[in-house]
Amino acid sequence: MPLSLFNTLTRQKERFEPLVPGKVGLYVCGPTVYDYAHIGNARPVVVFDVLYRLLTRLYPDVRYVRNITDVDDKIIDRARENGEPMESVTARTAEAFHQDMAALNALPPDIEPRATAHIAQMVRMIERLVAAGNAYEADGHVLFAVPSMPDYGRLSRRSRDELIAGARVEVAPYKRDPADFVLWKPSPPEVPGWASPWGRGRPGWHIECSAMAETHLGETFDIHGGGLDLIFPHHENEIAQSVCAHGGAPLARYWVHNGFLTVEGEKMSKSLGNFFTVRDLLGEVPGEAIRLTLLGAHYRQPLDFTRDALRQSKATLDRWYGALRAVEDVPAAKDTAPPDELVTALEDDLNTPLAISHVHALVSSLNKSTETAERAALKGTLLAAGDLLGLLRRDPTEWSRGDAAAGGIDAAAIEDLIQRRKDARKGKDFAEADRIRKELADQGVILEDGPGGTTWKRA
RNA sequence: GGCGCGGUGGCAGAGUGGUGAUGCAGCGGACUGCAAAUCCGUAUAUCCGGGUUCGAUUCCCGGCCGUGCCUCCA
């Protein structure tokens, strides 16, 4: 079954065909690095990581570009508040972002361009837009002239009139048209800035993505991804800039947007106190449980992120790793592929919930199997399925034993108690054996008596 | 006000014009010295009202409810 994706441009699920056979260019809007990534930021990263893994499986040459926005007024504000240079804010935050996303098993993109390294490309693009009559200088700013682009609003399906009618913000006096947006703005001396034909200044929000996409993927590429909230104005404006700077060549052929996330049924916001950073959550549950939670709903559906969902994802992974733990002594079959139905589910517009149900089926088969060759085959298939989804990468025993919580009982002490319980059982002193079981249970350690002896795991 | 999305069992969450996946929780059973894990079995759902159809949860219209965006905010 061929890959199909829901294209925001046409509001339809379309069969995916790369522009150049065998070769795929993917651009995803990355973070503005001024603070830790929150769980809402993590959703597109994880969703497009699955797409990247799938594309890599289907096509020999995939180039995944995800930018880092390291110049922005929010960053500048943060730097001023902290009394530190913008560069130290962005370096620190980008590093934290990398750590957090790695903890979610998100692969790094092939190229991670930074806005500040592409100022020259932005300036050149703006110059082209001015020369072509699509942009103008006014009051130290350079603005994109929206009326110069007849197709403006196609992605978000808004007419210019609607935009103006719905505008909530006062229109800057230097704009020729209320819908015009900033390409370049002046920087006062205390604000970071770069020399340009229009004086010292800094780029507007949208131009960086146009310039970086052009630099690393060319004028027209295959897939552009991001959150639903970016459709307007960000992606609409990106299209306007790029298309006009490229003589009408389309920017991306498929626009893929992930849905929004709520927390415990409410919009995440700092004032509601339900604002979770990935970093906070990683202190409570393994990153893999966060990842599975994010993949538990279809990417275009709204996702309600709850403690209960997180707990359930952890329980699911416990079961999956439990099945792997039972076949630790069986070498996985080599060169195994994920099940066809799982690949098919992902090819159908990234139906991760359906794909996950196929993992459940695999785990169930593995638990039931008693024949060594079959178990080896199933183990290989399960690991291949996990690889495609970015799951089940850890050692199963290590997973089940978890990390000794601060003050928790350590592995050596547990083993010692298990030995003492074994002696008690040998002497039919079940009261003592049960006392030890209870003692460990009270510390979150569960004992499992199997044919090969007693093993343990943390609850 | 404009544009958009969604309403499926106790919870989460897919598919589908014709016996409604999957997981968690529940109940019963097997296994276990007791457990845990696992396995087997089992009850429970398509917001409301119209329309199209032999037949709609699925398509169309209306309503109700929830929710997102509406230009520097990612």
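Naming convention: chains lettered A, B, ... in sequence-line order (proteins, then strands); numbering from 1 in each chain. Quick caveat: nothing in here was measured; it's all calculated off a predicted structure.
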Backbone of [Y] reached by a side-chain donor or acceptor of [X] within 3.5 Å:
X        : Y        : answer
A:Arg66  : A:Pro31  : no
A:Arg421 : A:Arg437 : no
A:Arg202 : A:Trp194 : no
A:Ser156 : A:Phe232 : no

Rounded to whole angstrom, note down the [atom1] distance from [N] over to [M].
N     : M     : atom1 : value
B:G7  : B:U58 : C1'   : 14 Å
B:C40 : B:U8  : P     : 29 Å
B:G15 : B:C59 : P     : 11 Å
B:G4  : B:C60 : P     : 14 Å
B:G29 : B:G20 : P     : 28 Å
B:U52 : B:C61 : C1'   : 11 Å
B:G50 : B:A43 : C1'   : 33 Å
B:G9  : B:C24 : C1'   : 13 Å

Evaluate whether atom CG of A:Asp329 has more than 12 neighbouring non-hydrogen atoms of other residues, nucleotides or ligands under 6.0 angstrom away.
->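 Enclosed: over 12 neighbouring heavy atoms sit under 6.0 Å from CG of A:Asp329.
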
Does CZ belonging to A:Arg154 count more than 12 external heavy atoms closer than 6.0 Å?
->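 Check fails, neighbour count at 12 or below.
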
Within this structure, what is the [atom1]-to-[atom2] distance between [X] and [N], rounded to whole angstrom?
X        : N     : atom1 : atom2 : answer
A:Glu238 : B:C72 : CD    : P     : 17 Å
A:Phe181 : B:C72 : CZ    : P     : 13 Å
A:Tyr36  : B:A74 : OH    : C1'   : 19 Å
A:Glu236 : B:G2  : CD    : P     : 20 Å
A:Asp304 : B:C11 : CG    : P     : 13 Å
A:His360 : B:G13 : NE2   : P     : 13 Å
A:Leu292 : B:C24 : CG    : C1'   : 12 Å
A:Leu354 : B:U8  : CG    : C1'   : 16 Å

Could you check whether [X] gets within reach of a base, just the sugar-phosphate, or nothing at all, counting any heavy atom under 4.0 Å?
X        : answer
A:Ala309 : nothing
A:Gln301 : sugar-phosphate
A:Asn351 : sugar-phosphate
A:Asp229 : base
A:His298 : sugar-phosphate

Determine whether the aromatic ring centres of A:His235 and A:His257 lie less than 6.0 Å apart.
->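 Ring centres of A:His257 and A:His235 closer than 6.0 Å.
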
[X] side chain, from C-beta outward: closest of [options]:
X        : options             : answer
A:Arg11  : B:U38, B:G4, B:A14  : B:G4
A:Gln312 : B:C24, B:U71, B:A74 : B:C24
A:Asp308 : B:A74, B:G13, B:C11 : B:C11
A:Val182 : B:C72, B:G13, B:C73 : B:C72
A:Phe232 : B:C72, B:C70, B:C11 : B:C70

What do the steps show when you test A:Phe181 against A:His206 for ring-ring contact (aromatic ring centres under 6.0 Å, His included), and what is the final call?
-> CA-CA 9 Å; A:Phe181 57 90; A:His206 316 293; 5.4 Å; yes

Check nucleotides 30-37 of chain B for protein N or O atoms closer than 3.5 Å to its own N or O atoms and list the pairs.
residue, atom, partner, partner atom, Å
B:G33, N7, A:Arg425, NH2, 3.4
B:G33, O6, A:Arg421, NH2, 3.1
B:G33, O6, A:Arg425, NE, 3.2
B:G33, N1, A:Asp434, OD1, 2.8
B:G33, N2, A:Asp434, OD1, 3.0
B:G33, N2, A:Asp434, OD2, 2.4
B:C34, O2, A:Asp434, OD1, 3.2
B:C34, O2, A:Arg437, NE, 3.3
B:C34, N3, A:Arg437, NH2, 2.8
B:C34, N4, A:Arg437, NH2, 3.2
B:C34, N4, A:Asp449, OD2, 2.6
B:A35, N6, A:Asp449, O, 3.2
B:A35, N1, A:Asp449, N, 2.8
B:A35, N3, A:Arg437, NH1, 2.9
B:A35, N3, A:Arg437, NH2, 2.9
B:A36, O2', A:Glu448, OE2, 3.2
B:A37, O4', A:Glu448, OE2, 3.3

Does [N] have a Watson-Crick or wobble mate here (both distances under 3.5 Å), and if so which one?
N     : answer
B:A25 : none
B:G4  : B:U67
B:U38 : B:A30
B:A45 : none

Whichever of A:Arg300 and A:Asp72 has its nearest RNA chain B nucleotide further upstream toward 5' |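 Nearest-nucleotide comparison on RNA chain B picks A:Arg300.
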
Quick one: on RNA chain B, does A:Asn237 or A:Leu303 contact a more 5' nucleotide (nearest heavy atom)?
->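 Of the two residues, A:Leu303 wins.
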
With rounding to the nearest 0.5 Å, note down the distance linking OG1 in A:Thr116 to CD in A:Glu208.
->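 These two atoms lie 9.5 Å from each other.
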
Annotated protein contacts, base or backbone, on nucleotides 40-47 of chain B with a non-hydrogen cut-off under 4.0 Å, one of B, S, - each | S-------

Over-ring placement of A:Arg43 relative to A:Phe48, 6.0 Å and 45° cut-offs |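 Judged by the rule (NZ or CZ under 6.0 Å from the ring centre, within 45° of its axis), A:Arg43 is not positioned above A:Phe48.
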
Apply ring pair (Phe, Tyr, Trp, His ring centres under 6.0 Å) to A:His38 and list each qualifying residue two or more places apart in sequence or on a separate chain.
->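 In terms of ring pair (Phe, Tyr, Trp, His ring centres under 6.0 Å), with neighbours along the sequence ignored, A:His38 is linked to A:Phe275.
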
Stepwise, does the ring-ring contact (aromatic ring centres under 6.0 Å, His included) test hold for A:Trp184 with A:His141?
-> CA-CA 6 Å; A:Trp184 188 264; A:His141 295 68; over 10 Å; no

Kindly say if A:Asn367 contacts the phosphate of B:C39, meaning a side-chain N or O under 4.0 Å from OP1 or OP2.
->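 So the side chain of A:Asn367 is within the cut-off, an N or O lying under 4.0 Å from OP1 or OP2 of B:C39.
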
